[in-house]
Asks: 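One structure coming up, written as structure tokens, with questions to follow.
Residue numbers count from 1 along this sequence.
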Amino acid sequence: MTVDMAAPKPSVLAQFHALTKPRVIQLIVFCALIGMVLAVPGAPTAAQVLHAAVACFGIYLVAGAAAAFNCIVEKGIDAKMKRTAWRPTARGELSDTQTLIFSAMLCAAGSAILYLWVNPLTMWLTFATFVGYAVIYTVILKPLTPQNIVIGGASGAMPPVLGWSAMTGDVGPEALILFLIIFLWTPPHFWALALYRVEDYRKSGLPMLPVTHGSEFTRLQILLYTFMLLAACLLPFVYGMSSWLYLVVAVGLSLGFCWYAVRLLRNYSDELARATFRFSLIHLSVLFAALLLDHYLL
């Protein structure tokens, strides 16, 4: 005899935390931290460490606000997709009003922290990123064009720029190189996901590239973007931001991403698309970790 036990409902605090998309924000803050570290020559002082911690917290809050706002706009779409149907807004566990107030509070608190204790430029760049993701990408681009990921990727590529400006008060060419790397990484990363989630996207009505242009065309675009990404990943070494340690790691990771893309184009399977998506996460995380190690060790 078995007893059917209903899963306990998450606490309200856990539901609000889920709205911020914690795993995504962890990567955002990590990329911002890389920008902060690279902006400071040598080992940081205690004051710089504190400054960076405050900046990371402010960026974390505003990024969480953008994620929560995204959950309001896409709650109907989220409810139709297995990957997102668990979100509190999609399940009706949190109302639009609750979520909007939560998002506004996070954005206001994060913006105040950045303006008062970091610098105004970082606050305005972070707020512009919020608008770019929560409004321009989520409300306008995502439901209207299959190039949503390409254009909207500019918002996702901003974290290292925010980190750089937090420590220096300006945006240098080094920050723009980091921006370019993430900007070119974003389309193959998301299109790999969209390939094996294509039916979810088709049901949701979103014009993702595999839905509008088919699998083969999408796989070709992934390959082309990985080639461009390979070139962009060489720029930190070419510009003098890093040494041979980073270069070896960057070449190895980028060739690996290209190899996944070649295999994906030649012999598609959902499992290979999943593996490509997982490798893309490893690619960006290890690439930036290599930049960090290179900065301190060499």
Side-chain angles (χ1 to χ4, degrees), residues 3-33 53-114 123 126-143 148-149 152 155-156 158-159 162 186 189-190 193-194 196-197 199-201 203-206 208 274 277-278 281 285:
V3 179
D4 184 19
M5 298 290 290
K9 182 179 178 180
S11 67
V12 174
L13 184 61
Q15 291 172 5
F16 278 117
H17 183 247
L19 291 179
T20 64
K21 303 180 182 179
R23 286 189 294 181
V24 175
I25 289 189
Q26 288 171 9
L27 185 59
I28 289 172
V29 174
F30 174 69
C31 292
L33 181 61
V54 172
C56 282
F57 184 56
I59 292 169
Y60 174 87
L61 291 176
V62 178
F69 188 86
N70 171 270
C71 288
I72 300 175
V73 177
E74 296 195 336
K75 67 176 184 176
I77 294 171
D78 287 345
K80 299 175 184 177
M81 301 177 65
K82 294 179 182 179
R83 185 173 65 90
T84 55
W86 60 270
R87 287 176 180 163
T89 43
R91 292 168 60 90
E93 295 170 342
L94 292 175
S95 69
D96 289 357
T97 300
Q98 288 175 306
T99 306
L100 185 60
I101 291 173
F102 177 66
S103 175
M105 290 174 61
L106 288 184
C107 186
S111 297
I113 288 170
L114 293 173
M123 187 280 287
T126 306
F127 183 72
T129 303
F130 171 92
V131 173
Y133 174 75
V135 180
I136 297 175
Y137 168 68
T138 301
V139 178
I140 301 174
L141 294 175
K142 195 170 183 179
N148 46 28
I149 291 299
S155 295
M158 282 297 292
L162 305 179
T186 300
H189 164 71
F190 274 103
L193 170 69
Y196 69 85
R197 294 286 190 181
E199 292 306 318
D200 269 356
Y201 283 112
K203 290 175 184 176
S204 72
L206 290 175
M208 297 300 288
R274 287 188 182 92
F277 175 76
R278 289 192 295 266
L281 292 170
S285 299

Asks: Say you draw a straight line from OG1 of Thr99 to CD of Glu93; how long is it, rounded to the nearest 0.5 Å?
Replies: 10.5 Å
Asks: Among Leu27, Ile28, Thr129, whose side chain to side chain contact (heavy atoms under 4.5 Å, CB included) with Pro159 holds?
Replies: Ile28
Asks: Can you find a heavy atom in the side chain of Leu193 that is under 4.5 Å from one in the side chain of His189?
Replies: no
Asks: Could you report the tightest heavy-atom contact between Ser103 and Ala68, atom names first, then the distance?
Replies: CB-CB, 4.0 Å
Asks: Would you name the heavy atoms of Ala194 and Met208 that are closest together and state the gap between them?
Replies: CB-CE, 4.2 Å
Asks: Taking atom OG1 of Thr97 and atom CD1 of Ile72, what is their separation to the nearest 0.5 Å?
Replies: 8.5 Å
Asks: Look up atom OG in Ser285 and atom CD in Gln26, then write down how far apart they are to the nearest 0.5 Å.
Replies: 10.5 Å
Asks: With a 6.0 Å cut-off (strictly less than), is the heavy-atom count around CZ of Phe57, excluding the residue itself, greater than 12?
Replies: no
Asks: What's the spacing between His17 NE2 and Leu19 CG if we round to 0.5 Å?
Replies: 10.0 Å
Asks: Which atom pair, heavy atoms only, marks the closest approach of Ser155 to Tyr133?
Replies: OG-N, 3.3 Å
Asks: Between Ile149 and Tyr137, does a side chain to side chain contact (heavy atoms under 4.5 Å, CB included) hold up when you go through it step by step?
Replies: CA-CA 8 Å; Ile149 291 299; Tyr137 168 68; 3.3 Å; yes
Asks: To the closest 0.5 Å, what do you measure between NZ (Lys21) and CD1 (Ile25)?
Replies: 9.0 Å
Asks: Using the ring-ring contact (aromatic ring centres under 6.0 Å, His included) rule, collect all pairs that involve residues 95-114, keeping only residues at least two apart or in two chains.
Replies: Phe16-Phe102
Asks: With rounding to the nearest 0.5 angstrom, report the CZ to NZ distance, Arg197 to Lys203.
Replies: 11.0 Å
Asks: Where do Ser111 and Phe127 come nearest, in terms of heavy atoms and distance?
Replies: OG-CD1, 4.4 Å
Asks: Using side chain to side chain contact (heavy atoms under 4.5 Å, CB included) as the criterion, point out the one residue from Leu114, Leu106, Thr20, Thr126 that pairs with Leu61.
Replies: Leu106
Asks: Can you sort out the partners of Glu199 under side-chain hydrogen bond (donor to acceptor under 3.5 Å, both in side chains), two or more places apart, ordered by chain and number?
Replies: Arg202
